[in-house]
Amino acid sequence: MKQIILLFAVLLFSSVSWAHEQGDWILRAGAAMVDPNDDSDAIDVLGVVTLPGVDVGDDTQLGITGVYMVKPKFGIELLAATPFKHEITLSNLPVDAGDTKQLPPTLMLQYYPMDNGNKFQPYVGLGVNTTIFFEEDVDDELNLALDGIAGLPPGTVDADLSLKQSWGLSAQIGFDYMLNDNWLINGSIWYTDIDTEAKIKTALGTVKFDVEIDPWVYMLSVGYRF
Ligand code: NI
């Protein structure tokens, strides 16, 4: 009898603790995909020719989010990841322009509306992102195309690409599904405003143009609450 009462007490206790509480930490790790919804300015190549811009490919990496519950129902979340690598191609042309790596740390204020009785804990978030580009690379195909456009022997135009660090807003929806008091399954989607300026430096001059990457970021992860 004593054991049964104890069991009921445990069940009762565990059934009221699904929602995250003030002071909780939640660490989640999983697959994060950055899927650019990109739009690029046309590229005026030194007044010689106008190229239709660039397209930016997607990439999936290890994503990690950490949440601290600053108040009941309110958390602060930081998204971190291993570096994403994106292929860059010329729009409407079969030319590889290059590639870049980037890190997009994103800080969100989140609202978890559900009560303690729900294992399913959805949330919305609003915050700020900065995206740091590095190891930008120009593909030989673009160099050869630029040589051709300029009427120069192959290898003359040795382009150098750099992408400016971006700051922008980010909005998010997601959920935690509590498996027990500690472990959870998480799904999350961010829409992030990432606008950068691309600079292509060559021996003949420098070309600048704006690129909006504005990606959807999808993450599926396993989390632990403590
Ligand atoms: Ni934008």
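Quantities reported herein were computed from a predicted structural model and do not represent experimental measurements. Start at 1 and go down the list; that is how both ligands and their atoms are numbered.
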Fill in the blank from the handout: Of all the N, O or S atoms in Glu212, the one nearest to the Ni ion (ligand 1) is OE1
Handout entry: Metal site the Ni ion (ligand 1): N/O/S of Asp39 inside 2.8 Å
Key = no
Problem - Any donor-acceptor N or O pair under 3.5 Å, side chains Thr130, Gln165 - result: yes
Problem - Residue pair Tyr112, Gln110: steps toward the side chain to side chain donor-acceptor pair (under 3.5 Å) verdict - result: CA-CA 7 Å; Tyr112 294 76; Gln110 299 178 317; 2.7 Å; yes
Handout entry: Any donor-acceptor N or O pair under 3.5 Å, side chains Thr192, Ser170
Key = yes
Problem - Shortest-distance N, O or S atom of Asp195 relative to the Ni ion (ligand 1) - result: OD1
Handout entry: Residues Asp195 and Ser166: side-chain donor-acceptor under 3.5 angstrom
Key = no
Practice task
Would you mind naming the N, O or S atom of Asp193 nearest to the Ni ion (ligand 1)?
Solution key: OD1
